[in-house]
Amino acid sequence: MKKYYPKNLERKWQKFWEKEKIYKFNSKKKGEIFSIDTPPPTMSGKMHIGHAFSYTHLDIITRYQRMKGKNLFYPFGTDDNGLPTERLVEKENKVKIFDMERQDFIKLCRKTIKKLRPGLVQEWKDIGISSDFDLNYSTISKEVQKLSQKFFIELYKKKRVYRKEAPCLWCPQCQTAIAQADLEDKERKSFLNYIKVNIIGTDKYIIFATTRPELLPACVGISVHPNDKRYKKYIGMKVKMPLTKAEIQIIPDKKTDMNYGTGVVYYCTYGGIECVEWMKRHPNIKPINIMNSDGKYNKKAGKYAGLKTSEARKKIIEDLEIIGALEKQESITHIVNTHERCGTDIEFISTKQWFIKYLDLKKDFLKFGRQIKWFPEYMRKRYENWVKGLGWDWCISRQRYFGIPFPIWYCQKCNKIKFAKVSELPVDPLHYQPKTKCSCGNSKFIPEKDVFDTWTTSSLTPQIAINLVKDKKTRKKLFPMSLRPQAHDIINFWLFYTIARSKLHFNKIPFKTIMVSGFVLDPKGEKMSKNKGNVISPQETIEKYGADVLRHWAAKAGLGEDLRWSEEEIKGSKRIITKLWNAFRFCSIHLKDFSKKEKLNLKELEGEDKWLLHLLQITIKNYDNYFKNYEFKKARQVIDDFFWKKFCDNYLEIVKPRLYFEQSEKKGSCQRQGSYNENSSKKVKFCLYTVLLSILKLYAPFAPFITEELFQDYFKNQEKEKSIHQSLIPKINSRLLNPKIKKEIDDVMDIISLIRKYKSEKGWSLKKEISEFSIRTKNKKIKKYSKLLKTVMNIKSIKIYPVK
RNA sequence: GGACGGUUGGCUCAAUGGUUAGAGCGUCGCGUUCACAUCGCGGAGGUUAUAGGUUCGAGUCCUAUACCGUCCACCA
C-alpha cells in the first residue's frame with residue numbers, strides 16, 4: 001500500500017458515489033424516512049469556510065442516520081435570485097444593474113448562473129456532502145417560480161397579503177424596500193448638532209439636538225415632555241425653523257426623554273423609526289417626503305434638491321453655522337441601522353409595498369417553536385426573542401430585477417388588482433397580459449414590476465424539495481421534515497420565515513428538529529470578513545490536507561459553538577487521519593490470509609483481546625448515545641480516543657509479538673518473540689478484523705473518503721456492501737462485554753505504566769532488558785499476565801507476591 | 001436597556017453533586033526509527049473569573065458582581 005494522498009483518492013470516491021448512486025433516495029426502500037430541509041446555498045460566489053463547517057455538521061448527522069438504517073431524503077438546492085445573486089452577476093460581468101435594461105440584466109443573470117452553478121455545486125461535493133444530487137432545485141427555476149407564485153395567491157385568498165403605502169425600510173444603494181430582518185447594526189461616529197430656533201412672537205429660543213440636521217426641510221414637528229418644567233409654557237406655540245422658515249408647532253409627547261440632549265426633539269419624515277412612530281401617534285401631521293428612491297432630495301428640499309444625505313448634511317450644517325443657528329456640535333458614536341447585504345445606512349421612504357400580515361400570529365409562532373426539538377436547546381430562546389420583538393408585518397416586495405415576479409396586474413381604469421390563474425403560472429406580468437377582463441369591463445392592465453424578496457421563496461424550501469418527488473404517498477411521509485440544519489445567523493430569517501409560512505399555509509410545524517451550527521472565527525476569535533482580509537479558504541485547505549481532515553476538524557465544535565481557525569488543530573486532525581491510514585496499512589499486512597468464516601471460540605481469546613473487544617462495545621454505546629443527542633463532537637472524541645490510545649498505543653503494541661510469531665520463527669530468533677504460536681496469532685487477527693472494521697464504520701460519517709478507500713481496499717472482499725456508506729453502524733455485542741477482564745487488564749496497564757516510568761527516569765530505552773522484576777499486588781489474577789508483562793517490557797523473570 | 005451563551009493549565013476544550021479536576025496542542029527530558037515526512041514514554045504546569053449561599057460533600061446547584069461574545073431594541 002502506498003502513502004496517503006487525499007487529493008486523488010477523494011476525487012475517485014466522489015465520482016464512484018455519484019456513478020453508483022450510493023446516496024440516491026428510494027421511496028420504496030425499507031426503513032424510516034429521514035427527511036432534510038437542506039439549506040440552499042446562495043449564489044454569491046465561492047463556498048466559504050463557514051459553509052464547509054456547518055454543512056459538514058449536517059453531513060455527519062445524515063451519514064450517521066443512513067448507517068443506522070434510515071432512508072435518507074437529502075436534497076440539494078441553490079438559492080440563485082435576489083440581491084446577492086444580482087451583486088455576483090454585477091461583479092462577475094463588471095456591469096451595473098441600473099445602467100442596464102431590465103430584460104438584458106435578467107438574461108445576463110440566467111447566463112451567469114448557468115455558467116457558475118455547476119462549479120459551486122461541485123464545491124459541496126468536494127467536501128463529501130452525501131446529498132442525493134438528483135433531488136436538485138434552483139429557486140429561480142420555472143417550477144419553483146410556479147410554486148412560489150401559487151403560494152402567494154393562496155395567501156391572498158386567505159387575506160394574509162396586502163398592499164399598502166407606508167413609510168418603509170429603504171436601501172438607497174440597492175434602491176429597494178427591505179424587511180426588518182435585513183437590518184444590521186453598525187457603529188458610526190457622528191455629531192449631535194444643537195440647533196437654536198426662535199419661538200414665534202417672543203424673543204425666546206429653544207434648542208433641540210439632532211444627528212440628522214439634513215432632514216430639516218422635512219421637519220414636521222417638535223416635541224417636549226408634557227411635564228417638562230423648562231418647556232411646559234411653550235407647548236402649543238410655534239417656532240420658526242432656520243433656513244426653511246417653516247413654522248412648526250411644539251407638541252407634547254410623553255415618549256420624549258427629558259434627560260437626553262436638551263429634552264427637545266424634532267421629527268422629520270423620516271429620520272428613523274422613532275419619527276415613523278411619532279407620526280403614528282400624531283396622525284394629523286402631514287409628512288413631507290423629501291427623498292426620492294435613489295436617496296437624493298427632491299424639490300421639497302428647496303435649495304438642497306438633488307443632494308444625497310451626506311452632501312445635504314454638510315451643506316446644511318454650513319448654512320446653519322453662517323446664520324448662527326448652530327449652537328454647538330458634540331461628537332458621538334451611535335448605532336445606526338444598515339442594510340445587511342451592502343452596509344448602506346437605511347432610510348425610511350413612503351412607498352407602496354406588499355406585506356404578509358402575521359403580527360397577530362406571534363403566539364402561534366412561539367407555540368410552534370416549542371413543538372420543535374432544538375439542538376442546542378438554548379437557540380430556541382433566540383428565536384423567541386426575535387418573534388417577541390417583531391414590530392412590522394413582513395414586507396415581501398423588492399424593487400429589483402432578478403427575482404420571482406408578483407403574478408399580478410392593476411386595472412388601468414379602476415386600479416383593481418388582477419391575479420394570474422394558477423394554470424397560467426409561472427407568469428411574468430411584464431411579458432404576459434391577463435386573458436380575461438377586469439370586473440369593471442376594462443381589459444388593459446398595468447403589470448406589477450416588483451419581485452418577491454428571496455426569503456418569500458426560500459421560506460418554502462420544504463415544499464420545494466418535496467415537490468421534486470412525484471409520488472403523492474411518499475410526499476406525505478416527507479412532511480413535516482425530520483430535520484432543519486442551519487447556522488445561527490439566519491434564525492431570524494430563514495428559520496423564522498419558514499415556520500411562519502408553514503403556520504400560514506398548513507398550520508403545521510415544517511420540521512421536527514432543528515440543528516444550529518456556529519461560525520468559524522479567525523485565529524484571534526474575530527469574525528472573518530473580506531474587508532479584514534482574514535478569510536480562510538476551504539478550497540485551499542482541502543487542497544493541502546484533504547476534505548476528510550477538514551471535516552474531522554469541523555467536528556471539533558459542537559452545535560451552536562463557534563470554532564476558531566487553527567492551523568495547528570487542522571494538523572492534529574491530519575495526524576489522526578494519517579494514523580488511520582497507517583494503522584490499517586500495518587494491520588492489512590497481517591490480515592492477508594485471514595478469513596472471517598473461520599470459526600473461533602470467543603472464550604479462548606487472550607485477556608488483551610477480550611479487553612479490546614469490551615472497550616469497543618463501550619465505545620459504540622457511547623458513540624450512539626452521543627449521536628442520539630446530536631453530540632457528534634463527543635462521538636468524535638470517543639472514537640478518537642479508542643482508536644489512538646486503546647487500539648494503537650496499547651493493543652497493537654502488546655500484540656505485535658503475537659503477530660510476528662511467524663516471521664520470528666523463520667528468522668530463528670527475535671528480541672521480543674516470547675513463546676507464541678499460530679493459534680494465538682489467529683486470535684489477534686480475528687480481533688484486528690472485527691475492531692478495524694468497526695473503527696472504519698464509526699469514522700465513516702466524519703471521514704467518508706478515507707474510510708471508503710480502506711473499506712474497498714480490504715474489507716470489500718468479505719463484506720457484502722457496495723460501499724461502507726451503505727453498511728450499518730456495528731451493533732453492541734453483549735457477549736463481548738467483559739468488565740472483569742477489563743479491570744484485570746487495566747491493572748496490568750498500570751503496572752506497565754510504572755515500569756515505563758521507572759525506565760524513563762533511569763533514561764533507559766523502553767526495550768532494555770530487566771533481569772528480574774517483583775510485584776506485590778492484591779490482585780491475584782495478575783499472575784495470568786506475567787507472560788504478557790515479560791514480553792511487553794522485556795523482563796526475564798517476574799515474581800509475584802500476593803498481598804492481603 | 002432586554003435576551004442568550006461563556007469564563008477551568010501558556011492555547012483550544014473535557015469533566016451524570018462524590019477519591020488525587022482530565023485530554024490535545026505548546027513546553028522540557030528520554031527513547032525509537034522493522035505501521036506512522038514520525039511515533040512512543042515520562043515530567044513540569046490549575047486557589048476552576050470574584051464574593052456569598054445550599055449541602056456530609058460544589059468546577060458542577062442558587063444569588064449577586066465583573067469581564068468576553070452573540071442576538072435584539074435604542075436616545076432624538
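The sequence lines fix the lettering, A, B, ..., with proteins before strands; numbering per chain opens at 1.
Distance check: A/F519 CZ to A/E561 CD gives 14.5 Å after rounding to the nearest 0.5 Å. Considering OG of A/S588 and CG of A/L688, their distance stands at 10.5 Å, rounded to 0.5 Å. In this structure, the separation between CG on A/L183 and CG on A/N337 is 4.5 Å, given to the nearest 0.5 Å. Atoms OH and CE, on A/Y270 and A/M279 in that order, are 4.5 Å from each other to the nearest 0.5 Å. With values rounded to the nearest 0.5 angstrom, A/T309 atom OG1 is found 8.0 Å from A/I290 atom CD1.
Counting heavy atoms from C-beta outward, A/Y545 and A/L550 have side chains that stay 4.5 Å or more apart. Between A/S681 and A/R658, every side-chain heavy-atom pair lies at or beyond the 4.5 Å cut-off.
Taking the C1' atom of each, B/U7 and B/A15 are spaced 16 Å apart, rounded to whole Å. If you take atom C1' in B/U48 and the same atom in B/G42, they sit 26 Å apart, rounded to whole Å. Atom P of B/G17 sits at a distance of 34 Å from the matching atom of B/G1, rounded to the whole Å. The same atom, C1', is picked in B/G45 and in B/U8; the two are 14 Å apart, to the nearest Å. Nucleotides B/C62 and B/U54 are separated by 15 Å at their P atoms, to the nearest Å. Between B/C74 and B/G6, the distance separating the two P atoms is 28 Å to the nearest Å. The separation of B/G9 from B/U47, taken at their C1' atoms, amounts to 13 Å, rounded to a whole angstrom. Atom name P, nucleotides B/G69 and B/C13: the rounded distance is 15 Å, in whole Å.
Going from atom CD of A/E769 over to atom C1' of B/G31 covers 17 Å, rounded to whole Å. Atom CD1 of A/I577 and atom C1' of B/A35 are 16 Å apart (whole Å). With rounding to whole Å, A/L688 atom CG is found 12 Å from B/A35 atom C1'. We find that CZ of A/F632 is positioned 15 Å from C1' of B/C13, with the value rounded to whole Å.
One finds no side-chain N or O of A/K759 lying less than 4.0 angstrom from the OP1 or OP2 phosphate oxygen of B/G42. For the OP1/OP2 pair of B/U12 and a distance below 4.0 Å, the side-chain nitrogens and oxygens of A/R564 include at least one atom meeting the criterion.
For NZ of A/K743, the number of neighbouring non-hydrogen atoms (other residues, nucleotides, ligands) closer than 6.0 Å is 12 at most. For A/K742, the NZ atom is loosely surrounded, since the number of other residues' heavy atoms within 6.0 Å does not exceed 12.
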Legend entry - Under the 3.5 Å Watson-Crick or G-U criterion, the dot-bracket string of RNA chain B, with | for inter-strand pairs: (((((((..((((....[...)))).(((((.......))))).....(((((..]....))))))))))))....
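When heavy atoms are screened at a 4.0 angstrom cut-off, A/W644 is found touching the sugar-phosphate backbone but no base atom. Note on A/K381: only backbone sugar-phosphate atoms sit closer than 4.0 angstrom, heavy atoms only; bases stay farther off. Nucleic acid contact for A/D489: none, since no nucleic acid atom lies under 4.0 Å from a heavy atom of the residue. Across all strands, A/S753 comes closer than 4.0 Å only to sugar-phosphate atoms, never to a base (heavy-atom distances).
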Inset, instruction - Any chance you could lay out the salt bridge (Lys or Arg N to Asp or Glu O under 4.0 Å) test for A/R564 and A/D522, step after step, and finish with the verdict? - result: CA-CA 6 Å; A/R564 279 190 198 192; A/D522 81 353; over 6 Å; no
Inset, instruction - Please report the C-alpha distance between A/T333 and A/R188 in whole Å, then the side-chain angles of each, then the deciding distance to 0.1 Å, and finally whether the side chain to side chain donor-acceptor pair (under 3.5 Å) criterion is met. - result: CA-CA 5 Å; A/T333 34; A/R188 288 274 150 85; over 6 Å; no
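Pairs passing the side-chain hydrogen bond (donor to acceptor under 3.5 Å, both in side chains) check and including a residue from residues 687-696 of chain A, sequence neighbours excluded, read A/Y689-A/E719.
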Short heteroatom pairs, N/O only, protein and nucleotides 14-18 of chain B, under 3.5 Å:
| from | atom 1 | to | atom 2 | distance (Å) |
| --- | --- | --- | --- | --- |
| B/A14 | OP1 | A/K633 | NZ | 3.0 |
| B/A15 | OP1 | A/K634 | NZ | 3.0 |

Mind listing the N/O atom pairs, protein and nucleotides 20-27 of chain B, below 3.5 Å?
| from | atom 1 | to | atom 2 | distance (Å) |
| --- | --- | --- | --- | --- |
| B/G24 | OP1 | A/K645 | NZ | 3.0 |

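Mapping A/M379 and A/K757 onto RNA chain B by nearest heavy atom places A/M379 closer to the 5' end of the strand. Where A/L652 and A/L563 meet RNA chain B, the nucleotide closest to each residue was compared, and A/L563 sits on the side nearer the 5' end.
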Legend entry - Where protein sits on nucleotides 71-76 of chain B, one letter per nucleotide: B base, S sugar-phosphate only, - none, heavy atoms under 4.0 Å: BSSBBB
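For A/D641, the salt bridge (Lys or Arg N to Asp or Glu O under 4.0 Å) partners two or more places apart in sequence, or in a different chain, are A/K646.
The aromatic rings of A/W455 and A/Y497 sit tilted, their planes meeting at an angle between 30° and 60°.
B/A37 takes the syn form, because its glycosidic angle lies no more than 90° either side of 0.
For an aromatic pair to be called close, the ring centres must be under 6.0 Å apart, and A/F594 with A/H590 fails this.
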